[in-house]
Each structure stands twice: as structure tokens, then as C-alpha cells.
Amino acid sequence: MNSIQPVILWTDALIFALLLAVLVLVWLIRRQEHLLAPWRVVAQRPMAMGAALVLGAFVVIGLLDSLHYRAQLTDSPADAPQYSVEVLSVFDALTSELRSRQEKTYSAPLAMQLYAKEFVERDGATVRDYPRLQYGGAHLQRADERLSDITRRTLVGATQGGLASLLLFGLLAGWQVRRTRLAVGAWLAAWRQGSLNWPGRTVVLMVALLLMLGGALAQLASGYHVFGTDKVGQDVLYISLKSIRTGLVIGTLTTLVTLPLAIGFGITAGYFRGWVDDIIQYLYTVLNSIPGVLLIAAAVLIVQVYIESNPDIFDTAAARADIRLLALCLIMGVTSWTGLARLLRGESLKLRTLDYVEAARAFGVSNVRIISRHIFPNLFHLVLIAIVLDFSGLVLAEAVLSYIGVGVDPAMYSWGNMINGARLELAREPVVWWQLGAAFAFMFTLVLAANLFADGVRDAFDPRLGGRR
Amino acid sequence: MKPLLEVRDLVTGFGRVRVVDGVSFQVAAGETYALLGESGCGKSITALSLMRLLPDGGRVISGSVRLGETDVLALPERDMRRVRGGQMAMIFQEPMLALNPVIKVGEQIGEALALHQNLAGQAARDAARGLLDAVGVPDAVRRLDTYPFELSGGLRQRVMIAMALAGRPQLLIADEPTTALDVTIQAQVLDVLRRLKAEQRMGMLLITHDLGVVAENADRVGVMYAGELVEEGVRNAFFASPQHPYSRMLFEALPRPGDGGRLVTIPGQVPPLDGPMRGCRFAPRCPFAVARCRAESPGWQVIDDQRVRCHLAGTLPARSERELAAHSVKQAAPPLLQVDGLKVHFPIRRGLIQRTVGHVRAVDGVSLDIRAGRTLALVGESGCGKTTVGKALLRLIEPTAGRIVLGGETITAKNVPFLRRQAQMVFQDPFSSLNPRMRVADILLEGMDALGVGEAADRRDAVVQLLRQVGLPDDAGGRYPHAFSGGQRQRIAIARALAVSPRLVICDEPTSALDVSVQAQILNLLKDLQDSLGLAYLFITHNLAVVDYLAHEVAVMYLGRIVEHGAAADVLRAPRHPYTQALVSAVPHIKAQTGPGIIRLAGDQPSPLNPPDGCHFNPRCPHAMEVCRQTYPEQTELGGGHWVRCHWVAGQI
């Protein structure tokens, strides 16, 4: 057994810090009835819960992909171990088959032959034909077995997923029956009628759907390239899955940069007014009037130059790509805080005139305390809504930026890079569509889930709707 | 005679909650029917059910509404549109919200005219001018081309009435038409409504919580409680002998002129309508309730001109007029607060470099003093600067000039913490004055923490002590403000002010957002606290009845200056300044007034940006003379600390 050396990239550290922060926040929210109540409303909305499950699946993959390590080289001595320059993640280890089974070049989804003709030896003669893939469908003897094999694998995978979800459902029912002290039949009836106090049907069906989809994908992936391969023969499914982490990092870390700026400047401007307000307003008006893409391109280029002039700081390619990703998050955060800041400024302007703030001032309570106890808690719901809504916008922005070449490192797996790579091949006859298709499908699912979830959150927190459905 | 409007067993619900539960009444042509009740008893929902304009989720469950020959509830929506505005029209409480701010007044009236009378162009304009004339809008031609925000509250409400009249309705529904207005303006608007009703023989459904408004305007009265009509009768009979215990207690909860005794309060609150209803809905709060009241819902009983739903109808003890208790008179103490020449001017800045081009003189030289344990009421209409005085005293707004001496110490920017210990404030709206995200205990602790009152360890005990003092349960500290009703929230706000043991409490309209029965509780509480703690109050209000009950001295403010000052009895019983006289006479009274009728003031209070030359009151004053337009009057002493700033009064002496 080879030992490993854990590697903590900058973004990894931030992601886990963020995870910790979210857990602390959850703990805090659980203790505060007025914060908990809207989340209960969210938890009762089937659409939001279904979306949350899909988001959860993405997050799990992203987190697994954020535990990085370097494997020990097999021929290095035990007392002075040397480690591979390649930084892998737990996710890579789990899907090592996908990663290692590299073809020569393009192949279509679920194909057993390459997408380009080559000279191959056949029956002693050299003919120009589509060669068989090294891994995709290699277990098949004849081409006409392919369809039935695919069907069989899909069914088997779906059945496995179904069985797993039945098992989970049984466990859930058992736990719920013990907790609520209902008869099993009564609980099942309540579940079927949807009269539980949480959207039981949607959650169970969604989990079953995800498990069956996962099972079928796993079964197919063990014999085929489900989404085909790219120009250098890498499995597109693997690339798409690896891109999840990039998307999540962009969506969450950028918000992390945005929040302090938006909250700090927004509340300060609205609460203190006067010259403070003027300066902050000028600042964000100026920032808003510079095209964001220009700033981002400039910042990314500066980071690029810095990385290249200091090669000794970044020992691996992963570290270099990672620092560029972080820089992108930073600069996107710096350019995108203005909207939320403006919203919070307006809200603070309103809140500062309310009687309870006046009452606090009549006691001589300090400004810091007024802001932290009276202003901030009363606009916290706006911040939450903004976080969830901004997330999907940022994921899409990454794709656009990478497409025009100022996004993440070209060596990094990201949906933007996938689209960028597919761009030239779209003109090819017959067309190579699966890279674009896969990136689109994954991005669409993530953004749709995020938007549906955001809808649920906004409705629950919007005081005008008053928690009505 | 066949009634104009006949409502029978109307039931309106939101989901399972029956907000209006079996209400029946009739309105004849040329009659004013008043629906009286506290907030949340279903008055407005009744009116909206008649118009079929219920908010989302609301639904008429059963009952019938007949307007003349039409069955309103059976009409298809298309025909209903013709009925709305055409046969019944509605005016709302808040005219600024009911008028579209970006459309000129003339066009808004024209829209209604086009719909209901098919008028357009010059004809519509003439008709609109006629309507504005009819509701007493001066200079009607010019007003047609103004936007709603250019008009004052009273004019806006008249424009609303003109719009409602555009369809020549047979029935006018007025939902709290004057609640948002000042007394002098309220008198003007009610005048217009009375005159129009008589001229056009309209039926009017007047919805209000104000017994005074009912007494002066209604022909018949229906009292609503918790979704039901509990009493109905002809006005005179109702006011002579209200039969239902609830109606009686409403009367007794009102502060009466010259009465220093405790007010009668109705314990408890209106029951939640989503719970099961058994027996009489008022039984839990009724002092006369017997076992039968809790078991069986009472039916209608007829007593002469009145109908009442009460098992004990007619058997209740006769209403005894409580003796007027004299105000307790305290020994004169040295002044606690002395204010001399207080001025608050807000600069108006214009242009790129924010040059100051003028000042709004919100407070323009106010002098007053308050002795410990006494109450000074600062009275005036909205916009006269009375709230600004309160805030400037606490330095929530930096005063422009003036000297404030509190407890012998002159207050400057340096010893503000001393001021904060000595003086605190209770705000008008108990819903916006408590942070919804803080527990009650934290709200009460905030002041003590900020000013370092007492030892930190003792403060938790102090919170319990405070809660008891204002009559809240001990466990209230752990809950959030939304768990409390309006009256309880105002108690919390009072407890918060008391937390730092101040000697002066500035009360800024503390009861104007509350119902009559709750108002009585808060007024009693304030009085008890004054007696036990020796507090001095600066009571800022526009409600003269409350002033009468609580205040020892009264100062009347007009446009940033005090125009009359003196002992409460002198100022309210024998006002000398024409403005005070108009103010006092404009308050709607329950009992028929003897003596001079109501003095109607023309127009509105001018803007403090550009006050009139000479006496500020001269454009509206019935006694204005040449000298009034030139110089501001000096103080005229009338003896006993009563003084007034008026040339007319000075000339009489």
C-alpha cells in the first residue's frame, strides 16, 4: 500500500472553511425561531426540496473532488518517499477507471469505434477503417451485440438503483414510524396522500430517480464512454463530473468575496449617509461603468504573469490552475458586489428611520452595536436570497469567461473550457456534439436546481407573501 | 319603505376562518348607517364583501346582498364592474394610496366619468370641475391639473370623494374616511359627506372606530364584535342607553373631559376567529357573563328602537354615570425640564455643491418647562413640529439653537449620557418601535447595557421587575415582539423607556395606533407609573380627549411655535386663541354640544418652509386684522400661567 501526501490547495481550504461556516450558520439558525421558521417553509415545498437534493448530489461530488493528495511513487525508497507530481482527489480515486481509460481521440457516446478512420490490419491486409476503441465496448465480440448490451446494462443499473432506494425507503419508514409512533400502514397512507408535514413523496421519488440514474450511468460507464471521448481521447463524462467542482467553487467563493464588500459598504452607506454615502456611491457607480469583462481579463492576465515569473511557489500544475481559479473568484467578486450593496443601502436607509433604531439612539447605543443588533439582522434575509440567486449567475458567467479565454486555466476541467474546446469541432462533418451537449446538460441541471431552490427560498423569506403558498 | 341596501346573513371567510359571521343589516336611501368596532372585528371585510373586492383567499361563503333590485352576489363579474362606482362607491382610509400618484387629479376623475357617464373631453372636464366644487375643493379649475402629491391630505380625501361621486352612486361606503386626517380637516371632510348625503339622497355606510364621528354623523348604528353584529339601533337610543356590555364598555373606556379618575378597561383581547366558537363571543371579557353566556350563543332581542344579541339584554344594571373625579393636585415642585428658545431648522440644499438655499423652520423658538410628577401636553396638528420638539429634546435631532436645562444641568453635546439617563421616549407605533429580531428581555437590557445602569448581574432581575411594573407576565422576556398584541407591545416600549429609571418620559402619540379599550389600559398605566415613580411626561398628541385625561398643562403648537399655554382646564375649557378654539370645537363629541357650534377653519396648515408673514395663523383666522398680517404677536398673559400669542386676544383685554 502506497502512502499518500495530502495536498491542500487554496480553494480546498476555502471550500472547507465555507463548509464549516455553513454548518455554524445552520447551528445558529436552528437556535433562532425567527430564522428557522422560513426554512421550515422551504422544507415544506416539494419543488425546493427536489432541487435541494439535486444540488446536494452536485455538492457531494464537488466536496469529494476537493480532497486532494499526491500518491507516492512506486519506485521511491521508503525512508525518503517521493511523490507523484500529479495531484489527485478522492473523487479521482473513486473513478480511476474513467480517468485512466484514455482513447486515442474522439469517439461518439456509447460507441465501440473511434470517430476517425485509421489504417488498421485486418486479415493480413491494411485497410482504412474506424478502429475499435481500446476500452469502450472492448468486451463485445461483434458490433450487433452493442445495443442489447447497452439495454441490459441500463436495466441492471436502474434495477440496482431502484433496489437501493427501496432499501433506503424501508429504513426511512422504520425510522419515521418509530419517531412518530404511527402504525406502518398509517404512515404509508399518510406518505402516499402527501399529508406528512414534509414533502415525503417528492423526496423519496427524487432520491429513487437519482439512484437509478446513477446506477445506470455506473453500469454503462464500466463498459463504455457514456458521453464519448474528447480530442485527446479522455472520457467526457469524467471531464463533466470534474467540472462540477470548478462551477461550485466559482459560485460559492465569489459570493464569499462579494458578501463582506456588499454588506460592509451597503450598510455603511445607508446608515451613516452624508459623505460616507457619497464616496461609496461614487465608488460603485465608477465600478459599474467599467465593463466587468475588461477588469476580469486584466486581473487574470496579471495573475498569469505572476505565476509564470514565480514558478517555484507553485510546485504542481494543479496549484497553478488553482491560484488562477482563486484569482478569478476574487476579481469576479470585486466586480459583482455593487448590486447587493445598492439593495442593502436602500434597506438600511429605511431601517435607520424606524422607531426602534431611534429608541436605541436615545439610549446612546453605539453605531456598531446598532448596526450589528438592529440593522443587520433585519436585512439578513435579503443577503440569503442574494446568495442563492447569484450562485447560478456566477456558474454561467464562468462558462462565458472561459469560452472567451479569460476564465479558468485552460488545463483545468470546467464547462467553459469544454464548450471552448467543442467550438471548433462544431464545424466538423460529421459534427462532434457530445462535449457541448454534456457541458450543457450538467450546467443546465445545476443552474435549474439552483434557481428552483432560490425561488423557494425567496418565497419563504419574502414578507409580502407572508409564507403563503 | 324598501331599503336601498339589504345584507342578510353575510358570511365571509379566509380558508376556515370566518371573519364575518352572519351579519345582517339594512341601509335606506338618505340614511347613514355606521358600523362601529375595534380593529380586527370584520368591519372592513364586510364592506369589501359588499363591493366583491375581497383580498386573495377571501370568499363570501353564504348570505345575500341586495342593492335596490339587484342581487349583488349573483352578478357576473362583468356586470359587477358597472355596479362598482355606478351604484355603490367606496372611499378608503388612506387617500395617498388610493390615488395614482403619476396621473393628474382631473384625469383620474375623468376616468370614472368616462366609465360611468360616457363623458369625454370638455364635457368631462366640466363635470369634474363640478364634482370638485361639490366636495368643496377651492380653486377647482386649477386643481384639475395638479398631481395628488401636490395636494394636502384633506384635499386628497375630497378628490377621492369626488371620484366616488363621479358614477352618481346610490350607496357610498366610507371606510374610516377621516382616521388619517387632523381634527380640523376631519371636520371639513365630514361636513362635505353630510351635505352630499342630504343633497343627493345617497345611502351611506360609514365604517369607523370613533364614537365621536358616529355620534355626529350616523342615523343608525351597528356594533360589530369578533365578526358578528352584536347591537343595532337608532343613534339617539344607542347613545342614550347602549344595551350590549361591549358597547357600554366602549363608552366607558373613552376619556371624558375633566375626569381624572381611572378609565374602565376591557380585559383581554378579541378572541382569535380560527378557534372553535361556543356561546357568546364576548363572554370571556364580559363582567356580567353568566354560565349561559359561555354555553349558548345569544339570539337577537328587540328593545324599543334597538336590537341586541345578549342573554342579559334589558336586565343589566342601569348605566351609572361615574362621578367626575378631580385631577390630583400635587405640590408645585421646581421645574425638572426647562427649555428656552428651542429651534430646529432643517437646511434645504440644492444644486451640485449642495448649497443651502433656505431652511424649514420645523421648530421656531419653543420655550416650555415641566415640573417633576407633572404632565405637559404638546398639542397640534400633524406637521406643526411637535414630534421634532420631542426628538430635539433627546438630541435625536441636533437642535439649531436654544437652551435645555434638565434637573438643574444645562444639556450640551458633552453631557448627553446624563440626558439619556434622565429622559427617555415612548414612540407612536408599537409595531415599528420594537426590533422584531430581538427578544423582549434583550430589548429591555439594551438601554441598561448602553448606559451602564446598575450592576450587570442585577440587570436580569431588573427586567422581571420592569415587566411586572407594566403588567406583563414574567416569562414575556423570552419571547419575541410578534407574540404580543399592540397594547402589550406598547407596554414593552414603556418598560424599555423605564429601564434606565428616567425622570422625564417623552410620549409621542403613544395611544394613537391603539384601539379605544387598549388605549384606556395604556393611559391608566401611564398615570399609575406617574403616581408611583413621580415621572414627568411630555405628552405629544393630537387627541384632545387624551390630553384632558392625562395632562396638567397644555401647550398648543402651530407651525413650529407655541400659540397658547396654560393649565389643562383653562386651555381646553376656555380656549382663547382662535386656533385652539377651532381645534377644541372640531373634536367630535358624543353628547350633543351646547353653546357655539363648530368653528370651521378654512384651508390647511401652511408649509413651515415659507410661513406667512406676521401671525402664522392669519390666513385661516376668522378674526384676522391688519396687524396680524404684519407682526408676530407677543405673549399676552391671562393670569394663572395661561398665556396666548394673539393680537385679537390682546386687543380684548
Side-chain angles (χ1 to χ4, degrees), chain A residues 28-29 31-38 267 271-279 281-282 347-384 459 461-469, chain B residues 14-15 55-57 354 387 390-391 393-397 415-421 423-439 442-453 478-483 489 492-493 496-497 499-500 502 505-506 508-510 513:
Chain A
L28 279 178
I29 286 174
R31 287 163 32 116
Q32 305 257 333
E33 185 49 41
H34 64 85
L35 291 176
L36 189 58
I267 295 183
Y271 180 75
F272 290 106
R273 301 202 306 184
W275 60 269
V276 181
D277 188 20
D278 287 347
I279 290 177
Q281 278 199 69
Y282 283 129
E347 194 67 15
S348 312
L349 276 177
K350 192 188 89 190
L351 288 177
R352 78 186 293 280
T353 63
L354 287 188
D355 287 346
Y356 57 79
V357 178
E358 292 265 287
R361 286 176 56 212
F363 285 121
V365 178
S366 67
N367 287 331
V368 177
R369 260 179 102 74
I370 289 181
I371 288 177
S372 64
R373 292 181 56 152
H374 293 291
I375 308 274
F376 181 67
N378 281 297
L379 38 78
F380 185 64
H381 63 285
L382 289 178
V383 176
L384 257 180
D459 288 355
F461 277 91
D462 194 338
R464 274 171 303 177
L465 294 174
R468 273 189 283 124
R469 232 63 52 91
Chain B
F14 287 80
D56 286 349
Q354 301 284 292
T387 297
K391 290 191 173 167
L393 288 181
L394 279 182
R395 295 209 162 227
L396 292 176
I397 299 171
N415 58 1
V416 166
F418 170 79
L419 165 76
R420 307 253 190 256
R421 282 292 304 265
Q424 273 304 320
M425 191 152 181
V426 175
F427 294 88
Q428 173 173 13
D429 182 1
F431 291 87
S432 73
S433 72
L434 302 176
N435 186 344
R437 309 285 191 223
M438 274 166 79
R439 274 184 244 263
D442 295 328
I443 291 174
L444 299 185
L445 281 172
E446 185 167 48
M448 291 190 256
D449 287 343
L451 293 172
V453 179
R479 287 187 268 164
Y480 287 95
H482 66 79
R489 281 160 169 255
I492 298 170
R496 170 176 61 190
V500 297
V505 177
I506 297 170
D508 187 3
E509 308 246 14

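A note on names: the letters A, B, ... follow the listed sequences, proteins ahead of strands, and every chain is numbered from 1.
- Here the straight-line distance linking atom CZ of B:Arg395 with atom CZ of A:Arg361 works out to 12.5 Å at 0.5 Å rounding.
- In this structure a side-chain-to-backbone donor-acceptor pair under 3.5 Å is present from B:Asn435 to A:Arg373.
- Between chain A and the residues B:Met425, B:Arg439, B:His482, B:Gln424, the most heavy-atom pairs under 4.5 angstrom are made by B:Gln424.
- Contact count against chain B (heavy-atom pairs under 4.5 Å) is highest for A:Val365 among A:Val365, A:Leu351, A:Leu354.
- Contacts of B:Met438 with chain A are made by side-chain atoms alone, with heavy-atom separations under 4.5 Å and no backbone atom involved.
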Show every donor-acceptor pair shorter than 3.5 Å between a side-chain atom in residues 426-433 of chain B and any protein atom, with sequence neighbours excluded, or say none if there are none.
unit_1   : atom_1 : unit_2   : atom_2 : d
B:Gln428 : NE2    : B:Ser512 : OG     : 2.8
B:Asp429 : OD1    : B:Phe431 : N      : 2.9
B:Ser432 : OG     : A:Asp355 : OD2    : 3.4
B:Ser433 : OG     : B:Asp429 : O      : 3.4

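- In terms of heavy-atom pairs under 4.5 Å with chain A, the best-connected choice from B:Val416, B:Leu451, B:Leu419, B:Leu394 is B:Leu451.
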Contacts under 3.5 angstrom, residues 442-449 of chain B side chains, donor-acceptor by atom type, not counting sequence neighbours:
unit_1   : atom_1 : unit_2   : atom_2 : d
B:Glu446 : OE1    : A:His374 : NE2    : 3.1
B:Glu446 : OE2    : A:His374 : NE2    : 2.5
B:Asp449 : OD1    : B:Arg459 : NH1    : 2.6

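- Using a 4.5 Å heavy-atom threshold, the side chains of B:Arg496 and A:Phe363 count as touching.
- Residue with the most contacts toward chain A among B:Pro417, B:Ala493, B:Pro436, B:Ala499: B:Pro436 (heavy-atom pairs, distance under 4.5 Å).
- Only the backbone of B:Leu434 has a heavy atom closer than 4.5 Å to any heavy atom of chain A.
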